[in-house]
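This structure is a prediction, so every number in the text was calculated from the model and none was measured.
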Amino acid sequence: MVTKMTVSPTWYVSEGDTVVINCTTHADNGNYSDSMDLQLTWTRMSPAERTKKVLVSQRASKGISYVLSPVTHEHQGVYACDDDGSFPHVYVRDWHQILWVADASPRAAIDVSSHSRNQFFNGETFNVSCQLPDDNSQWEMMRFDNFMGNIRECRNQVTSGRRLSCTVRAGYPWSDVLYWCETPAGERSNALNITTAAGVRVVLESPPLPVFEGENVTLRCLHKNRTTEEKASNFRADFYKNHRQIRVLTEGNLTLTAVTKADEGIYNCRHPVDGPSHESWITVKARPDEDQAEKKSGDVLETR
């Protein structure tokens, strides 16, 4: 039996949002769902207390729908969909997803320092780094793997001054990995989601971090040639938002002009022969208050 969990609208939310977590089963060849219970569990994000708690237990045939509203920082953590263990001879593939509640002013900033994307071909090497607020050596880079469901330190971390870096070779091709930096006291950076393309020769190049309203955002459909292994985007590409086709372009580049909150959503692209890329969530944020204040000040000066 295989469980499945969906977090709607997305794993990356803000305080005050409403989130629905659905936990269901599929591929139930033994018809155990009428006699087995599913459990939705939650593991705290706090570095000092990553404890696990059962939130709800329900007959597998009915599934679980769990609503968090309004979301607070207390809700963030790792949510898992699993069986209750009442049939030990039945293998049940569990499912994990992290819920990250954005901080208004993160203490550190994480980014992919080697590439301008967060999707990578299997075996590709990339570098993730955190710009730290100080030389505090207690900062560590962490990673969450949604296939394994665990939170661990990124191996081979290197600190140089106020920068903490980790070089990663894309693996576990069936999972997403979330990266962030934190201290034992609970200070942390923003979060960065990395996707590895398993058996796929198409990736979407899109901003790995939230973008601000008014910016132009370019999406690039990148294809890896089967013979030469070279990467290119000079082909006819279909672009999708929230699973609906939005554009077909003769060159694999799409520019979203002066983005607004309406442009936020799930994007992916499709190669005419080798099919679709994985999906990436693009977050659009309002500009910081100081930017708005400067803009209003400028407008006043222009009218004098």
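- Cation-pi contact between R93 and F147: present, with separation from the ring centre below 6.0 Å and deviation from the ring axis of at most 45°.
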As a quick check of understanding, evaluate side-chain contact (heavy atoms from CB on, under 4.5 Å) for E124 and K231, giving each step before the final call. CA-CA 12 Å; E124 214 173 1; K231 306 178 188 73; 3.2 Å; yes
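- For the residue pair N150/H96, the side-chain donor-acceptor check at 3.5 Å is not satisfied.
- Without hydrogens or angle criteria, R117 side chain to Q119 main chain gives a donor-acceptor distance under 3.5 Å.
- The backbone N or O of M141 sits less than 3.5 Å from a side-chain atom of Q157, completing a donor-acceptor pair.
- In this structure, N118 contributes its side chain and N193 its backbone to a donor-acceptor pair below 3.5 Å.
- Residues E205 and H115 bring no donor and acceptor atom of their side chains to less than 3.5 Å of each other.
- The backbone N or O of T43 lies less than 3.5 Å from no partner atom in the side chain of R50, so there is not a single donor-acceptor pair.
- In this structure, R201 pairs ionically with E229, as a charged nitrogen and a carboxylate oxygen lie closer than 4.0 Å.
- With hydrogens and angles disregarded, a donor-acceptor distance shorter than 3.5 Å links the side chain of R162 to the backbone of P133.
- In this structure the side chain of H75 never reaches within 4.5 angstrom of the side chain of V19, judged on heavy atoms.
- When each of D94, T24, T25 is checked for a side chain to side chain contact (heavy atoms under 4.5 Å, CB included) with K4, only T24 meets the rule.
- A donor-acceptor pair shorter than 3.5 Å can be found between the side chains of S113 and N127.
- For the residue pair W180 / E182, a side-chain donor-acceptor distance below 3.5 Å is found, with atom types taken as modelled.
- With N190 contributing its side chain and I110 its backbone, the two residues share a donor-acceptor pair below 3.5 Å.
- Proximity of a side-chain donor or acceptor of D238 to a complementary backbone N or O of C269 within less than 3.5 Å is not detected.
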